[in-house]
A.B. asks: 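Handing you this structure, nothing more for now.
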Amino acid sequence: MRESWLSRNLRHHLTAWTCGALVIVVMVIFLAPFVWMIAYSVYPSTALQAGVPDLSLTNITLDSYGQLFSDPMFLGPIVNSVIVGLSTTVMCMAAGAACAYAIARFRFRGRQPLLLSMMTVQAIPVIVLAVPLFILLRSVGLYDQLLGLIVTYTAFILPLVIWMLVSFFEEIPPSLERAARIDGCNRLQIMYKIAFPLAAPGMAATAILAFITSWSDFFLAKVLTSNTAVTLPVKTAAFQGLFAMDYTSAATAGVITAIPVLVLTLVAQKWIIRGLTEGAVKG
Amino acid sequence: MDTSPTMSYPISRRNLLQLGGLAAGTLALAACSTTSPQSSAGPLKTGGKPSGQINILDDNTNSVFKDSTIAAFEKQTGIKVASYQQGNFNDLHDKMATMFAAQDASFDVVMTWAGWSAEFGQAGWLQELDKTAVPSDLIQPALDAVSWRGKIYGLPKFVSVQTMFWNKDIYKKNGIDPHVAPANWDEFVKLAKKLTTGSQFGYACDMGNPAGAYQNFLRMLLICGGEMYDADYNPIFAGEAGVEGLTKLVELLQLHRVMDPASLQITNASDLADLFARGTTGIVFNWPFQYAVATAATSKLTKDSLGNGLIPGISVTSASIDGSEGFAINKYSKNKEAALAWLQFVATETVQLQIVEKEGWFPVSKSVLEAPTAVAALPVLTTYKETTRYVTKRYGTPWGNEFDQALSIQIINAMNGKTSPKDALASAQTTAQGLVKKYLKK
Amino acid sequence: MAQIELISVGKVYGKTRRGKAAENTVSDLTYVIESGHFVSLLGPSGCGKTTTLNMIAGLEDVSSGEILIDGRKVDDLEPDKRDLAFVFQDYALYPHMSVYENIAFGLRMRKVPKHEIETRVSDSASRLDIRSVLKSKPKQLSGGQCQRVALARAIARRPAVFLFDEPLSNLDALLRDQTRSELKLLHRELGATSVYVTHDQEEAMTLSDRIVVMSRGRLEQFGTPFEIYHEPATEFVASFVGKPRMNLFTALRTKNGRYTLPGTTFTVDLGEIGLDRVRVGFRPEECELRVVEPGTHGHGVVRSVEPLGNVSDVLITLGDQQFMVRVPGFGTCAPGDRVDIITTRARIHCFDPTTFLRISRGRVS
Amino acid sequence: MAGLAELGRKRETRFGLLLITPAVLIIVMLLGYPMGYAIFMSFQQWNDKLGADHRAIGLANYEQLVSDPAVHEAMGLTAYFSVITVVGGVALAISIAILLNRTFRGRTIVRVLLLVPWAVPPVVNGIMWKLIFDGSVGIANTILKSLGIISASVQWLSDPAATMNILVFAETWKLLPFLCLLMLAALQGVPRSLYRAAAIDGADAWNTFWRITLPNIRGPLMFALIVQSMWSLKVFDTIYVLTGGSGGPAGGTTTINFLAYLTNFSNLDRGYGSAMAVGIMILVLVIAVFWILVFGGFNRKRRAADA
């Protein structure tokens, strides 16, 4: 009896240790590349490209950050990205929340097909739309304009936003909205006094996802901007130019591009996962 | 409660207007995009006194324009340069193709080179220039870079030719006289072997992307005395010269092991320049800007430790490839005369001298090439003058992109020993024949 | 206070399309809820009682007929213009607002002055003894507290009409009884017209001035609890109201004019009603049992005895029917005993077997 | 009488439509119209380098699509890439999720940090892996050399197969964390009591996984497979940055989506390129339907067994 108890205990310990070790391995694989890029941005590249990388702390320098942040050619894209990201998010949430609310609450023909076609949009390769989109935006004077990027991103991100939000709105008990009607809210007030606050966590997650998606986009920004509206990923990729490859700057730009997204993701991770899984289960 | 449409709404009126505009644009789209470019009355001539304003799209190779040329141009001609935008070279092709396809006129002047002059010229997107508008003393490769099948689609802004750069420090370390360039390919191979020790390689190149693979093969083809196409654009590169050239290139990597294997993953000339500047590579064939990179403060080399000379030949004494750039005029431009004025201004002696002195590129006109101040500022100019005695070609064609892609697959497979150079080139030549047939049918 | 009048009110979901008939949820409801009355809508689930309540509230449109409140047609009035309060089955407390805000919300929406809101909130809160939780969020409250908040929210509004949608169904049994009594008191104090939806006949009986019994979207009976219990208008009402269920069976007229349960010796005298077949009902608590002498047959055999303490329910097999009799205490019979059923003290309910309507007749002994 | 009620319902519907309109309008105008335009282009002989005169050629572009060896090559690469990233990625995600579903100290922080790769924009992802796998200065060689695994630098990005594997690795690295968290959330939705019941019924770990865990995370699993399939077929940014915009070396990373890009923007063959893109879209949809059928079928079979 006693012996078998011991061995069972031992087995448990062994499993725990193995799993612990595995977790550490997984985390190293997941984090090391990014850490290495951070290293590239703070060490002079000569120190890292030596046979044995010289990682002494005295070598650390923030010069490349200072350099990039004092370069108007780099600051412009940062500002652009922030404006585009925020405006896209606001527009997505405004149009998306209204649409998702209607889909979740009102019965009308074509409701289900509408939701399904929203999903189908996800299947469209961006590449096919680039030329017609360019022509479209240029003909209304939105080429290389932040607004042009904003409406384009809004269109691309809206389906996902709606898809996620519908599941959040469906979760709100209809009786709450009936109560609000009795209490004297009109339909619009029900939306912004009851439904939106109640779906707030989901809406926050969705908003963050919208921001991240628009912030990270590369291809559309590449095609739809040329100079004044260039965004951060395009600028970052451009550090790989024919006459401009500069590993340190590229790494620094990479870190700068990734940081806001990282922070937002970490803050909202719980909601993001919930939003996507719930959409998955119901959609 | 009243739920009529008068209720305030999370979409502002301005947005609605914008959406309305989009709707209108949507309708306009079908109408505008299938029409042909408006046919102008033949090639553009210099005429009258141009005025108004122009917009210029350039790559980011030259900073001299922004620094001083534009101001000088505006002062002299009275034409205003409303915007001068610099794009990344790698992004420019897609950007320009998209713009042209949409018949966009936001840029009057666009940067071009041999490949694009052919491609966009044939597409009818570049304004053809009349012979009278072209300065008389242009160097031929410079003019080639802006021409396609006898039609001139722009004016060159600088000339670029690959020459051989070497690291004198490494030469000395390995007991080689650093002042003498190899007279032929065999000497070069011998030299490279001597320079290859440990993690140090005698030779490196950039053939990681299709254009790079094309360039490296073309260089080998030329120094073997071969040609890409005959006079009627029938591809003939898979002949003896081509096979010999590619074989020698493969040998550098596989047999002599003097080529840095990283060469196969270097996708652009600047990476190659950086690699050379790190001081562990004996020899590279690169564009003139290698001089600036190698003598920069961050480089392991200095002016004194940088050697420069002709690329050694195999069947010929020497040969090289051209990478000259120029400016062209957008076919849809509303102010072509003013655009032409800019093209001509850039080709003038004053501007060319500045490009040589400040940027390290070669000039487009013979007179500047002879100017003593130019040589003083850019020692490699001497080498360039020598290269003008030998073949320098690029073969820019409208099918360049497709061809480079197809060729590079074969070249890389040959480099990796997966096919023989002969089979590789035969296969690429078949593809090329198809492309030529497709694009040159009249 | 207000009078509510329903005139052939009907509700249809969906449209008649491609030959498919639309589904009638509720049809032809006509009755008047008098001012100050507490009226229950009673029926099994799906009978349309909640739909009716929602139509009165204005949460759903009326498909046909009309609803008048105090003589005024309210069909196109929004819910908040009908001067009524609604207590929902799941309470429908706004989770993102504190209890105070929940109670105050409806008043704010009506632009009631701030100090007035404060008085009313604290009034209703003290009436329902929830002053201590005013600052809490609904999530922190127990079910009973939520129920009280929902009531307080309705009271604070001081509406002319209270509408309750099964407000007690989410409470446990003990709390339910207690709250029920409080509701009754509350109604007496406030005196407002109340419409109360429930499927629990006990609640309906104890609370109501009038009961509306519904089944399958139709009105079965509208009347006082006494009428509902003692003079059920239809067989449905008879079987639905009363616990244990009324014994109902089909009786046939014999040659001697009495009616008999086929295959048994159990007969009953209904007088002259002019029907050969009739549905007859007895309430279990109004019948009595007598164990027959050994050797005699009796009406039936005791199948089981379920003692409840003060009374016992005895199930008897009567031919091919079951018959339930409620006897005092633990009773005197055991399964297997042969018994006679004595109905002398029982009120006999007769229903037409085709229309299921009550057949009026005098008391039969 | 009925008129009034009708009016109410209409008002309701009108309000609903009013709410939906802006979103639908934006999507239709900025996606629907260009999409239609692209489909129109795919039926045209539309090669910009051949001049501006286009003509309708019916299904010729699609016929070329079926017979083009370059497409076959790219489809092969796409299949290789997708199968590994989708099936392998999701399987790996489930394993890691099971690992992380155990209780251990620092679990929360591990889960949070897990999202780091997902948050890295694709462009940055490409740059990052270039820093690591660069043949001459990359850290991968340095580490492997110092561990004595290799003696000379490996030129990862010069060999088509190796580059493809790095691409697979890079994309899996980026998307795995998200899939992990998705699976983790799904795992936590499986009632504990089921595991206890299974343990009492004597199910071993393997059986528990197949008969309890897997059927109960079916919904999220299907979602993960569909989403990952879409992403895998549409991968672009990382290839672009990692290979210097070439899809090389030797076309080794030219997946079907990248080929569509090259056809459209390098070769300027808009008609054929559009046909290719439309083909990709159909492929994506077919695969999504495939997964739904696989899981729907699974569902039906189970029910039949239960009955």
Side-chain angles (χ1 to χ4, degrees), chain A residues 19-20 22-23 26-27 30-31 33-34 36-37 40 49 52-53 95-96 98-99 101-102 106 108 120-125 127-129 131-133 136 151-152 154-156 158-159 162 187 216 218-219 233 236-237 240 247 250-251 254 257-258 261-262 265-266 269 273-274 276-277 280-281, chain D residues 12-13 15-16 19-20 22-24 26-27 30-31 34-35 37-38 96 99 102 104 110 112-124 127-128 131-132 137 139 142 173 177 181-182 185-186 219-220 223 230 234 236-237 241 244 257 260-261 264 270 274 277-278 280-281 284-285 288:
Chain A
C19 288
L22 276 174
V23 167
V26 166
M27 290 319 286
F30 278 150
L31 293 180
F34 193 70
W36 182 243
M37 189 168 66
Y40 244 100
Q49 293 170 348
V52 178
C99 182
Y101 180 78
F106 295 107
F108 56 88
T120 315
V121 169
Q122 305 284 316
I124 303 177
I127 280 146
V128 70
L129 302 179
V131 175
L133 258 177
L136 185 63
V151 286
T152 310
T154 304
F156 269 93
L158 256 179
I162 292 170
R187 288 186 178 79
S216 307
F218 167 66
F219 183 77
T236 300
Q240 272 208 315
Y247 284 107
T257 310
V261 182
L262 255 155
T265 312
L266 298 188
Q269 52 113 5
I273 296 305
R274 229 189 88 204
L276 281 176
T277 25
V281 174
Chain D
E12 187 100 326
T13 312
F15 181 70
L19 292 180
I20 288 169
V24 170
I26 292 176
I27 293 172
L30 281 144
L31 298 184
M35 189 69 226
Y37 200 77
I96 295 175
L99 189 65
R102 303 168 56 88
F104 56 87
V110 163
V112 169
L113 286 178
L114 201 58
L115 269 176
V116 166
W118 185 63
V120 172
V123 165
V124 181
I127 291 177
M128 207 170 65
L131 294 178
I132 290 168
V137 297
I139 188 70
T142 314
W173 179 85
L181 287 189
L182 201 67
F223 173 73
M230 283 184 177
K234 295 201 291 175
F236 175 80
D237 297 3
V241 178
N257 197 40
Y261 161 77
N264 252 314
R270 316 285 190 188
S274 296
V278 171
I280 296 169
M281 195 180 89
V284 173
L285 290 177

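What you see is a predicted model; the values in this text were computed from it and never measured. Excluded from the calculations below are hydrogen atoms, water molecules and symmetry mates; all remaining heavy atoms, backbone and side chain alike, are included. Below, read A as the first sequence line, B as the second, and so on, with proteins coming before strands; counting in each chain starts at 1.
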A.B. asks: Please find the pair of heavy atoms, one from A:A251 and one from D:L131, that lie closest to each other, and give the distance.
C.D. replies: CB-CD1, 3.9 Å
A.B. asks: Holding to side chain to side chain donor-acceptor pair (under 3.5 Å), I want the full list of residues that pass it with A:T257, two or more places apart in sequence or in another chain.
C.D. replies: A:T236
A.B. asks: Could you please spell out the steps behind the side chain to side chain contact (heavy atoms under 4.5 Å, CB included) verdict for D:K234 and A:I124?
C.D. replies: CA-CA 9 Å; D:K234 295 201 291 175; A:I124 303 177; 5.8 Å; no
A.B. asks: Compare every heavy atom of D:A277 with every heavy atom of A:P125, then report the nearest pair and how far apart it is.
C.D. replies: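 Looks like CG-O, 3.4 Å.
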A.B. asks: Identify which of D:D237, D:N264, D:V284, D:I280 forms the greatest number of heavy-atom pairs closer than 4.5 Å to chain A.
C.D. replies: D:D237
A.B. asks: Between D:M230 and chain A, which part of the residue has a heavy atom less than 4.5 Å away: side chain, backbone, both or neither?
C.D. replies: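 The answer is the side chain of D:M230.
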A.B. asks: Please state whether the side chain, the backbone, both or neither of D:V124 comes within less than 4.5 Å of a heavy atom of chain A.
C.D. replies: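 Both parts, backbone and side chain.
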A.B. asks: Do D:P22 and A:C99 have side-chain heavy atoms sitting under 4.5 Å apart?
C.D. replies: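 Of all side-chain heavy-atom pairs linking A:C99 with D:P22, none is under 4.5 Å.
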A.B. asks: Go through the atoms of A:M37 and report whether side chain, backbone, both or neither lie under 4.5 Å from a heavy atom of chain D.
C.D. replies: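 Its backbone and side chain both get close to chain D.
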A.B. asks: If you look at every heavy atom in A:A155 and D:L30, which pair is closest and at what distance?
C.D. replies: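 The pair with the smallest heavy-atom distance is CB-CB, 3.5 Å.
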A.B. asks: Mind checking ring pair (Phe, Tyr, Trp, His ring centres under 6.0 Å) for A:F156 and listing every partner two or more places apart, or none if nothing turns up?
C.D. replies: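 Residues passing ring pair (Phe, Tyr, Trp, His ring centres under 6.0 Å) with A:F156: none at all.
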A.B. asks: Starting at CZ of D:F236, measure out to CD1 of A:I127 and round the result to the nearest 0.5 Å.
C.D. replies: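 The CZ atom of D:F236 sits 5.0 Å away from the CD1 atom of A:I127.
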A.B. asks: Pick from A:I162, A:T154, A:L262, A:T152: which one has the most heavy-atom pairs with chain D under 4.5 Å?
C.D. replies: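 Looking at each option in turn, the highest pair count goes to A:L262.
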A.B. asks: Would you sort out whether A:V151 and D:I26 count as a side chain to side chain contact (heavy atoms under 4.5 Å, CB included), showing the intermediate values?
C.D. replies: CA-CA 8 Å; A:V151 286; D:I26 292 176; 5.5 Å; no
A.B. asks: So, taking the atom named CZ in D:F15 and the one named OH in A:Y101, what distance separates them when rounded to the nearest 0.5 Å?
C.D. replies: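 Separation between the atoms: 7.0 Å.
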A.B. asks: Could you tell me which non-hydrogen atom of A:F30 sits nearest to which non-hydrogen atom of D:P117, and how far apart they are?
C.D. replies: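 The pair with the smallest heavy-atom distance is O-CG, 3.5 Å.
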A.B. asks: Report the option among D:I96, D:L113, D:V123, D:L285 that has the most heavy-atom pairs separated by less than 4.5 Å from atoms of chain A.
C.D. replies: D:V123
A.B. asks: Among D:I139, D:N257, D:V110, D:I27, which residue has the highest count of heavy-atom pairs closer than 4.5 Å to chain A?
C.D. replies: D:I139
A.B. asks: Which region of A:V26, side chain (C-beta onward) or backbone (N, CA, C, O), has a non-hydrogen atom less than 4.5 Å from a non-hydrogen atom of chain D, or is it both or neither?
C.D. replies: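 The side chain, not the backbone.
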A.B. asks: To the nearest 0.5 Å, what is the distance between CH2 (D:W173) and CG (A:L31)?
C.D. replies: 8.0 Å
A.B. asks: In Å and rounded to the nearest 0.5 Å, what is the CE to CZ distance from D:M128 to A:F34?
C.D. replies: 7.5 Å
A.B. asks: If you count heavy-atom pairs under 4.5 Å with chain D, which of A:P33, A:C19, A:G20, A:P233 comes out on top?
C.D. replies: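 Heavy-atom pairs under 4.5 Å are most numerous for A:P33.
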